[in-house]
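Structure record follows, encoded as structure tokens.
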2 protein chains.
Amino acid sequence: MAMTTDSIFYQDMDGKPIESPNKIKIMDISIELFSRKGFTGVSIRDITKEVGIKESSLYNHFRSKEELLSTIFFNFRRSISRILPQEDHLGGMLQSVSPELFLKQSLAGLMKHIDDPVMAKVWRMMYLEQYRDRVVRDIYLNDIVGNMLKSLEKVFSIWIAAGRIQPADARILAAEYQYPLFAMIGVYVLLRVDGSSTWDIETGMREHVDYFVSKIIV
Amino acid sequence: MAMTTDSIFYQDMDGKPIESPNKIKIMDISIELFSRKGFTGVSIRDITKEVGIKESSLYNHFRSKEELLSTIFFNFRRSISRILPQEDHLGGMLQSVSPELFLKQSLAGLMKHIDDPVMAKVWRMMYLEQYRDRVVRDIYLNDIVGNMLKSLEKVFSIWIAAGRIQPADARILAAEYQYPLFAMIGVYVLLRVDGSSTWDIETGMREHVDYFVSKIIV
DNA sequence: GTCTATAGAGGGATAGAC
DNA sequence: GTCTATCCCTCTATAGAC
């Protein structure tokens, strides 16, 4: 996967790039604060104070606090869609690498997304707001959990059909592979709130991939 | 496991049972509201309005909004500690039942806890507040994730030593078994926010136990 | 696009009568 | 233990000058 810093470029919800320095600063600081205190725990005052503008100036960039939140998740969704394997490229990719390597590379791609200084915070926001906000809940359940399981199921079916792994229910394999990672990612982003060491949980993720692979190879 | 309705009995943080009907009502309604809108998203006014008392009356029961929150999590912690396998009873229990049955019964015990009408909401609160509140973070990371993994590791070591399952790293087995369940529980409580069907994810949990057992038996 | 000023509602918490 | 009344602060958002 090519190096990219795309993820720090924001767009408005109509697709226009956000270029105003103050608007970018509002996004950055809102993400930082929302991810630590939650949407309802952060006031417009908190945000504008750190940005260095008056409250009223924020409303030149966003119509409301809600629109600011929606813009953040709009960009998260856009960013997430890029780390899912592209259906049409699957065929070629799956032939050229081993299951083990493919899974390790996917995990690396996911971790790269979560490790992005901005996206790490939005992941936290997602876990934090999903109980309060139906849109966020749908992003998690559909865009993240649903899509990842579906695309993994496809991958495992292909491997099974090609006899590269043991015959099994591809849907169950996808769940067995992915759900532990979801839980571990949750722990990972939680540990990073306090700046605690994430060494154990990262090791756990690698051990999981190894264990899983050891149980499915022919 | 014997039927019990213990979980709906609250204690104050000094250990005294909460008996005042209004105080119980405050607890119930706070849990309901906090679990849907988050601590900072709910006001004392919201709570007392539903309880049917004036704001000032709440302060006869709790010194502050924070103390109310702490009391809720104090009771959650107490309740959680009861679903962990007791170290001293492990020996006997492990000899009398098969690994498969033991794991299925543990899962049933956990699901029973989460299905309790009150505790389901506090689980949601825990997922919701853990990013904002260090104490809640510690409850999740230590009392729940940490303790469950530790006690499961013990169980697997015993089985391995007794030759009842294939030799393996007990710590990894514990992680492989438990992490998917954590993620699935997260999805489960999330689905219940909207009253969506949890049939798929419950099936997923059972399939996980089956798959896991199939990979470890001798 | 930023500012000052302010509106108008809602926040947590307390005093003191009953 | 509940009430009325109130304090003082913070909240989101808008109007209008520059």
Side-chain angles (χ1 to χ4, degrees), chain A residues 10-14 16-73 125 128-129 132-133 135-136, chain B residues 10-14 16-73 125 128-129 132-133 135-136:
Chain A
Y10 301 118
Q11 282 183 9
D12 262 329
M13 285 192 289
D14 57 14
K16 276 212 283 274
I18 294 179
E19 279 159 351
S20 154
N22 269 349
K23 189 162 186 176
I24 294 173
K25 211 166 166 189
I26 290 170
M27 290 284 288
D28 283 335
I29 286 170
S30 301
I31 289 171
E32 165 65 25
L33 295 179
F34 287 157
S35 76
R36 285 194 293 109
K37 306 183 182 182
F39 179 72
T40 54
V42 176
S43 67
I44 302 286
R45 278 206 246 283
D46 293 333
I47 297 167
T48 53
K49 192 177 168 190
E50 278 215 28
V51 173
I53 57 173
K54 295 298 170 187
E55 288 125 82
S56 54
S57 302
L58 184 140
Y59 292 93
N60 282 309
H61 300 292
F62 300 96
R63 260 193 281 248
S64 67
K65 197 185 171 192
E66 278 293 342
E67 189 183 274
L68 168 55
L69 183 70
S70 303
T71 305
I72 292 170
F73 279 113
M125 283 181 64
L128 183 57
E129 302 300 339
R132 206 188 50 78
D133 188 320
V135 174
V136 179
Chain B
Y10 301 118
Q11 281 183 9
D12 261 329
M13 285 192 289
D14 57 14
K16 276 212 282 275
I18 294 179
E19 279 158 352
S20 156
N22 270 348
K23 189 162 186 176
I24 293 173
K25 212 166 165 190
I26 291 170
M27 290 284 287
D28 284 334
I29 286 171
S30 302
I31 288 171
E32 166 65 24
L33 294 178
F34 288 157
S35 77
R36 286 194 292 110
K37 307 184 182 181
F39 179 71
T40 54
V42 176
S43 68
I44 301 288
R45 281 205 241 282
D46 293 333
I47 297 167
T48 53
K49 192 178 168 189
E50 278 215 29
V51 173
I53 55 173
K54 296 296 170 188
E55 288 125 80
S56 54
S57 300
L58 184 140
Y59 292 92
N60 281 310
H61 299 291
F62 300 96
R63 260 193 283 247
S64 67
K65 197 185 171 193
E66 277 294 342
E67 189 182 274
L68 168 54
L69 182 69
S70 304
T71 305
I72 292 171
F73 279 114
M125 282 182 65
L128 183 57
E129 302 300 338
R132 207 189 49 78
D133 187 319
V135 174
V136 180

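Here is the naming used below: chain letters follow the sequence lines, and residue numbers restart at 1 for every chain.
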What is the nucleic acid contact for A:V51, judged by heavy atoms within less than 4.0 Å: base, sugar-phosphate only, or nothing? nothing
Distance check, rounded to the nearest 0.5 Å: A:I72 atom CD1 versus A:Y10 atom OH? 7.5 Å
All N/O contacts under 3.5 Å from nucleotides 13-15 of chain C to the protein, with atom names and distances to one decimal?
residue, atom, partner, partner atom, Å
C:dA13, OP2, B:Y59, OH, 3.1
C:dA13, OP2, B:K65, N, 3.1

What distance separates A:F39 CZ from A:E66 CD, expressed to the nearest 0.5 Å? 4.0 Å
Heavy-atom check, side chain of B:L68 versus side chain of B:M27, under 4.5 Å: yes
Rounded to whole Å, the CG-C1' distance (A:D46 to D:dT10) equals 10 Å
Filter on salt bridge (charged side-chain N to carboxylate O under 4.0 Å, His left out), then keep only pairs touching residues 36-47 of chain A, sequence neighbours left out; what's left? A:E32-A:R36, A:R45-A:E55
Tightest non-hydrogen contact, residues B:T40 and B:R132, listed as CG2-CD, 4.1 Å
Rounded to whole Å, the NZ-C1' distance (A:K49 to D:dC11) equals 15 Å
If the condition is side chain to side chain donor-acceptor pair (under 3.5 Å), which residues does A:K23 pass it with, not counting sequence neighbours? A:D12
Using 0.5 Å steps for rounding, measure from the CG atom of B:L33 to the CE atom of B:M125. 10.0 Å
Nearest whole angstrom, please: distance from the P of D:dG1 to the CD1 of B:I26. 10 Å
Just the rounded figure in Å: distance from P of D:dG1 to NZ of B:K25. 16 Å
What contact category does B:S43 fall into here, base, sugar-phosphate, or nothing, at under 4.0 angstrom with non-hydrogen atoms? sugar-phosphate
C:dG10 P sits how many Å from B:K37 NZ, rounded? 13 Å
Rounded to whole Å, CG of A:L69 lies from C1' of D:dT12 at a distance of 15 Å
What is the separation between atom CZ on A:F39 and atom C1' on D:dC11, rounded to the nearest whole Å? 12 Å
Nearest-nucleotide 5' precedence on DNA chain C, A:I53 against B:G41: A:I53
A:K54 atom NZ is separated from C:dC3 atom C1', nearest whole Å, by 8 Å
